[in-house]
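Please read the structure below before turning to the comments.
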Amino acid sequence: MAVFCGKEEQFASAYKRNADMLYRIALSYLSRSHDAEDACQEAFAKYIASPPPFINENAERAWLIRVTVNCCKDMLRRRRLRDHAPLDDAMELSYTDEPLSEVTSLLSSISVKNRSVVILHCLEGFSVEESAKLLGISVSAAKMRLLRGREELRAYQNKEED
Amino acid sequence: MFSEEQIKAYKSIKAPERLRGDSIGAASEYARKHKERLLRIRAYSGIAACFILVVAIGFFSMNATAGATAPVLYFDGNAVSVNEINVPSPRTVSYSNDGQVAVMLELKSKSTATVLAENSFLWLDDSEETVTEFEFKGKTRFQWLATASEDAQFILRVSDADHSLVYILRYDAETLLWTISERPASNNN
């Protein structure tokens, strides 16, 4: 296919390695499956159309995560401007799987700024240093965001218990 | 923060099958938009570069022209040229009984110029004494003083770094007329 410029295999392996993780991150951010798909689609489209030269797989993963997170932030910004969620979208949040539904509601209680570190560290299992590197922020900033994210989560849980 | 069960449920999320195909489809659309954007940026950059170039050329050529502009001598509001002009007007010329004439002139020069009068005198507007030479830049008004005699000819040299001009004030004893003109460039030295 002309769009690949001979990098079809590179995309195939990158997709295989990262698609599920990127989709999970996008879904955690956006809470709507079709929005998460759009964000991942945009990230992969950018990857196919103009892939930057990657040193290794980690650099490639970092690039994809950063692009996906940025797409999610853009979508959230746009969504805030025209925030009229149709009923069927709202329904999507109520998953049949109860633990998953709990995860998404917990994540939605964390501010967008702090959410990415919480997702990468607490759910994807990256260390704080790795999360900071993946998001292109300093380790101290990542620690601060994680701390604040945890505080927000705790406040939400306390409120729920009351 | 999150229970084992919650993390397990989170990790079980899989990307939909259609995502791969949709991404490839979106890539061609993205590539097209990206190309269009690049072309647009290049076009705007080209236009901006041309505009800057035109402005720069205009600015520099204006400065170059300004630097090359020769001083100009005005008599009665008109630039003195190689064509002789009669200077009989009482508004611009005053005659005294001893045959002296005072021609009111104005000089403009964008660079510093030297004015030198031969066998005649100059009287600057803001001066109390007559001189035979002065320097100026911009605009100055002065009177060129000469005394009439048989076919007299008086010279005024105006020169700056790039130009050297010669003006002649002539008295014709037959017609009793004073004329002023610029000596043609070939004879200016």
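Note on naming: letters A, B, ... go to the chains in the order of the sequence lines (proteins, then strands), and numbering restarts at 1 for each one. Keep in mind it's a predicted model, so treat the numbers as computed, not measured. Values reported hereafter were calculated over all heavy atoms of this structure, with side chains retained and with hydrogens, waters and symmetry mates removed.
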With hydrophobic residues grouped by side-chain heavy-atom distances under 4.5 Å, do [X] and [Y] end up in a single group?
{"X": "A:L22", "Y": "A:L76", "answer": "yes"}
{"X": "B:I155", "Y": "B:L145", "answer": "no"}
{"X": "A:I65", "Y": "A:Y15", "answer": "yes"}
{"X": "A:I110", "Y": "A:M144", "answer": "no"}
{"X": "B:F121", "Y": "B:F142", "answer": "no"}

Residue part contacting chain A, namely of [X], when any heavy atom lies under 4.5 Å:
{"X": "B:K8", "value": "neither"}
{"X": "B:Y10", "value": "both"}
{"X": "B:R32", "value": "neither"}

TODO: Working to the nearest 0.5 Å, report the span between CG of B:D22 and CZ of A:F44.
DONE: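 Spacing of CG (B:D22) from CZ (A:F44) equals 12.0 Å.
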
Side-chain heavy atoms of [X] within contact of [Y], under 4.5 Å:
{"X": "A:K46", "Y": "B:Y30", "value": "yes"}
{"X": "A:Y47", "Y": "B:S23", "value": "no"}
{"X": "B:F2", "Y": "A:L153", "value": "yes"}

Counting neighbours of [atom1] on [X] that are heavy atoms of other residues, nucleotides or ligands and sit closer than 6.0 Å, is the number greater than 12?
{"X": "A:R66", "atom1": "CZ", "answer": "yes"}
{"X": "B:E133", "atom1": "CD", "answer": "yes"}
{"X": "B:F134", "atom1": "CZ", "answer": "yes"}
{"X": "B:E36", "atom1": "CD", "answer": "yes"}
{"X": "B:R18", "atom1": "CZ", "answer": "no"}

Open item on the list: Heavy atom to heavy atom, less than 4.5 Å: which residues from residues 117-135 of chain A reach chain B?
Closed with: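 Interface residues of residues 117-135 of chain A: A:V118, A:I119, A:C122, A:L123, A:E124.
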
Task: Contact summary for A:I48 and B:I24, nearest pair of heavy atoms - done: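 Smallest interatomic distance, heavy atoms only, reads CD1-CA, 3.9 Å.
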
- [ ] List the atom of A:E37, the atom of B:L19, and the distance in Å for their closest heavy-atom pair.
- [x]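 Scanning both residues completely, I find the closest heavy atoms to be O-CD1, 3.5 Å.
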
Task: From CA spacing to verdict: side-chain contact (heavy atoms from CB on, under 4.5 Å), B:R20, A:F11 - done: CA-CA 10 Å; B:R20 192 173 189 276; A:F11 167 70; 4.2 Å; yes

- [ ] Among A:Q41, A:R154, A:Q157, A:E42, single out the residue with the greatest number of heavy-atom pairs under 4.5 Å to chain B.
- [x]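 The residue among A:Q41, A:R154, A:Q157, A:E42 with the greatest pair count is A:Q41.
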
Open item on the list: Clusters formed by hydrophobic residues whose side-chain heavy atoms approach within less than 4.5 Å: which one holds B:V72, and what are its other members?
Closed with: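 Cluster partners of B:V72: B:Y74.
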
